[in-house]
Amino acid sequence: MSDELIKEKEESKPSISFVEQFIVEDLKAGKNNGKITTRFPPEPNGYLHIGHAKAICLDFGMAKKHGGKCNLRFDDTNPIKEDVEYVDSIKEDIHWLGFDWEVREYYASDYFGKLYDFAVSLIKRGLAYVDDQPADLISSQKGTPSQPGVESPYRNRDVKENIDLFERMNKGEFEEGSCVLRAKVDITSPNMHMRDPIIYRIIKTPHHRTGSKWMVYPMYDFAHGQSDYFEGVTHSLCTLEFEVHRPLYDWFIDQLKTTEYRPRQIEFNRLNLTYTMMSKRKLLELVKEGKVRGWDDPRMPTLCGLRRRGYTPEAIKRFVDLIGYTKVEAINDVSLLEHAIREDLNMRTTRVFGVLNPLKIIIKNYPEGKVENVELINNPEDESMGKRMVPFSREVFIEQDDFMEVPPHKFFRLAPGMEVRLKGAYIIKCEGFKKNDKTGIIEEVYCTYDPATKSGESTSEKKVKGTLHWVSAQHAIDAEVRLYDRLFNHEDPAGQKDDDYRKFLNPDSLKVLTECKVEPSLESAKPLEKFQFQRLGYFCVDYDSTGSKLVFNRTVQLKDTWAKINK
RNA sequence: UGUCCCGUAGUGUAAUUGGCAACACGUCUGAUUCUGGAUCAGAAGAGUUCAGGUUCGAGACCUGACGGGACAACCA
């Protein structure tokens with residue numbers, strides 16, 4: 001290939017998603033004056049999860065890239081399920097991800113008046129009617145996906161009566177469930193959503209924003225598209241399951257529009273991740289049943305859970321970028337998410353020493369009482385992060401896994417007669433150990449060090465295969481470390497027809513280690529601060545930390561080829 | 001028995017809109033390394049669900065199968 005060809009290839013634009021292609025086509029065609037406005041429409045009935053992050057990135061991302069705005073709109077049409085608690089957390093999570101709706105914080109409930117008026121207008125045009133039948137009857141008259149529905153006996157009530165009834169519904173004169181307002185579309189349509197959909201129902205539970213002003217609330221299909229319309233949204237991006245709603249979305253817009261402007265719904269695939277699930281209802285169950293410690297349990301796929309786990313917004317956005325937007329219902333491998341966070345944390349975290357399962361090493365020829373401060377590089381990937389001093393002394397802790405009485409082939413760590421380097425300090429040689437005869441546990445290991453091998457000023461030619469992390473016993477700080485594993489031991493726990501997802505909960509998803517030792521520089525670490533514990537993984541200070549006790553969450557392990565060889 | 005959507009290496013996405021499949025993750029080599037990390041070099045792995053058709057030429061277009069999914073909440 002010629003240099004020019006290579007250059008051409010490198011400069012060619014990365015492909016854009018089908019969603020963006022539609023947007024670009026619309027913009028080029030001059031639709032809606034060639035402008036773009038999007039919206040992110042969460043229902044305030046739960047916490048945001050990483051699946052929402054995918055939608056947020058698209059909604060805000062497309063608007064920004066093409067010179068438009070993205071509104072935040074709470075889809076709060078069901079007071080029974082919704083709460084302000086969720087509104088606040090949703091706003092916090094969007095900001096944390098790095099997106100901003102500026103002053104455009106809207107609520108579907110802002111439009112209850114307009115929506116009501118539109119409903120009345122439909123009634124007047126003979127396009128909506130009050131149905132007095134009970135829910136199960138209406139439902140059975142709708143037919144099934146393969147059988148057309150039949151008309152309600154109330155379908156042809158006259159306009160005056162319909163208006164009167166609808167007004168009285170809203171005044172609270174009727175019981176919940178006693179009647180509904182339906183759009184008159186096509187009861188025989190092959191699309192169930194077109195079979196005279198219910199557009200208003202009576203709910204007497206007070207709404208978190210409008211209180212008891214309304215007794216009648218619009219259904220999703222009657223609120224969403226219209227809200228888009230009221231806000232001037234041009235591209236209403238949602239997930240695949242709303243594909244069958246689109247004809248109804250368009251039908252309402254047709255009844256509503258007075259100019260050329262119209263919003264367009266485009267559906268993309270939702271995010272599925274292996275070994276977890278995104279159902280808000282099921283996540284709520286995990287919380288309520290105490291299967292996890294709350295919405296922000298670091299094992300949860302919620303944004304607050306990932307945040308507490310040590311994930312960064314950059315890594316999440318990078319991940320979302322990697323998986324793309326298509327119409328294929330896919331399940332994404334968590335290993336890709338883990339790749340994204342490792343890549344990010346590798347560049348930004350300070351390397352520190354932390355020993356999870358301490359084993360004491362006594363260096364017999366190192367003077368008692370002597371302390372040396374050895375210099376360590378904070379991040380080999382980024383020189384500007386500087387260096388720090390770490391105390392070294394006669395007794396240090398190393399990882400239990402780093403010593404074996406009878407080492408297997410290719411074990412480059414400590415074993416009787418073997419030499420290893422204590423990173424940043426000296427090369428030591430194992431001369432013996434103390435073993436508890438009853439338990440078989442190695443309690444202490446005895447070594448000698450070679451003073452000529454000090455890091456940085458070594459006068460020795462000596463080389464060793466293994467380098468260990470360590471913490472000086474007398475200087476070590478105690479810490480608790482929480483190790484997380486996948487919450488479920490099935491790739492698709494919620495997708496098994498015959499089995500409840502609870503059956504697949506991983507009993508080992510949380511391991512708490514309380515005897516850990518970390519280097520003294522971590523003393524003042526604050527919640528959410530992130531580190532690489534050398535040779536182990538990335539860790540993040542938990543909110544549970546107190547002045548006297550540090551608690552760390554393991555975000556993700558480092559790749560471990562030794563563990564792989566060992567299998 | 002319906003309508004709609006989808007089907008490209010193990011996984012997720014590409015393929016200049018018809019010119020004989022690329023990237024990322026993962027996997028496996030090797031180099032390097034005071035992190036068995038990172039980095040670097042390289043390899044294996046799909047002939048695009050199947051069968052027809054249109055075409056000089058099809059992953060892409062058409063038809064039909066097959067497979068997966070969505071739709072029967074007074075949820076969103």
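Every chain is numbered from 1, with letters handed out A, B, ... down the list of sequences. Side chains included, hydrogens not; waters and symmetry mates left out as well; all remaining heavy atoms used.
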If you check the [X] side chain, which of [options] turns out closest?
X	options	result
A:F242	B:A76, B:C74, B:C6	B:A76
A:V328	B:G7, B:C71, B:U35	B:G7
A:E329	B:G69, B:A76, B:C74	B:G69
A:H339	B:A76, B:U11, B:C25	B:C25
A:L322	B:A24, B:C71, B:C74	B:A24
A:M219	B:G36, B:A73, B:C5	B:A73
A:R201	B:A72, B:A76, B:G37	B:A76
A:E381	B:A76, B:A38, B:U13	B:A38
A:V244	B:C71, B:G37, B:G36	B:C71
A:S139	B:G36, B:A73, B:G69	B:A73

Practice prompt. Take A:V518 and A:F531 through the test side chain to side chain contact (heavy atoms under 4.5 Å, CB included) and record every step on the way to the result.
Written response: CA-CA 12 Å; A:V518 299; A:F531 300 93; over 6 Å; no

Within this structure, what is the [atom1]-to-[atom2] distance between [X] and [N], rounded to whole angstrom?
X	N	atom1	atom2	answer
A:D221	B:A76	CG	C1'	9 Å
A:Q532	B:U35	CD	P	11 Å
A:R535	B:U33	CZ	P	18 Å
A:Q557	B:U35	CD	C1'	14 Å
A:I187	B:U3	CD1	C1'	15 Å
A:I341	B:G26	CD1	C1'	19 Å
A:L558	B:A38	CG	C1'	9 Å
A:F22	B:C5	CZ	P	11 Å

Worksheet item: Should B:G10 be called syn or anti, with syn set as within 90° of 0?
Response: anti

Worksheet item: Where does B:U55 land, syn or anti, given syn is within 90° of 0?
Response: anti

Give one of base, sugar-phosphate or nothing for [X], where a contact means two heavy atoms less than 4.0 Å apart.
X	result
A:Q21	base
A:K280	nothing
A:N78	sugar-phosphate
A:T77	sugar-phosphate
A:P41	nothing
A:F411	base
A:R413	base
A:K564	sugar-phosphate
A:L240	nothing
A:G456	base
A:P380	base
A:I80	nothing
A:N269	sugar-phosphate
A:G149	nothing

Partner nucleotide of [N] by Watson-Crick or wobble geometry (both distances under 3.5 Å):
N	answer
B:C56	B:G19
B:C40	B:G30
B:A9	none
B:C71	B:G2
B:C50	B:G64

Discussion item. Regarding B:A76, can its base be found pairing with the side chain of A:H245 as donor and acceptor, where the two atoms are less than 3.5 Å apart?
Written reply: yes

Under 4.0 Å between a side-chain nitrogen and a carboxylate oxygen: does that hold for [X] and [Y]?
X	Y	answer
A:D228	A:R73	yes
A:E343	A:R318	yes
A:R348	A:D382	no

What integer number of Å spans the [atom1] atoms of [N] and [M]?
N	M	atom1	result
B:U55	B:C62	C1'	12 Å
B:C56	B:G18	C1'	12 Å
B:C75	B:C4	P	28 Å
B:U17	B:G26	P	33 Å
B:G37	B:U32	C1'	13 Å
B:U33	B:A38	C1'	9 Å
B:U29	B:A22	P	24 Å
B:U48	B:C20	P	15 Å

Practice prompt. Hey, which sits more toward the 5' end of RNA chain B by its nearest nucleotide, A:P190 or A:R342?
Written response: A:P190

Response to the item:
Per nearest nucleotide of RNA chain B, the residue lying toward the 5' end, A:T144 or A:G466, is A:G466

Worksheet item: So, is A:K559 near the phosphate of B:A38, with a side-chain N or O under 4.0 Å from OP1 or OP2?
Response: yes

Item to complete: State, without any angle test, whether A:E267 and A:Y325 hold a side-chain donor-acceptor pair at a distance under 3.5 Å.
Response: no

Worksheet item: Do A:Y220 and A:H224 have ring centres separated by under 6.0 Å?
Response: yes

Practice prompt. Measure from the ring center of A:F268 to the ring center of A:F18 and say whether it is less than 6.0 Å.
Written response: no

Worksheet entry | Result of checking A:I199, A:L122, A:V130, A:I198 against A:R182 for side chain to side chain contact (heavy atoms under 4.5 Å, CB included) | A:I198

Practice prompt. Answer yes or no: are there more than 12 heavy-atom neighbours, outside A:K387 itself, under 6.0 Å from its atom NZ?
Written response: no

Practice prompt. Can you establish whether the number of heavy atoms outside A:R168 located under 6.0 Å from its atom CZ is more than 12?
Written response: yes

Discussion item. Tell me whether A:W562 and B:G36 count as stacked here, given that the ring centres must be under 5.5 Å apart and the planes must differ by less than 30 degrees.
Written reply: yes

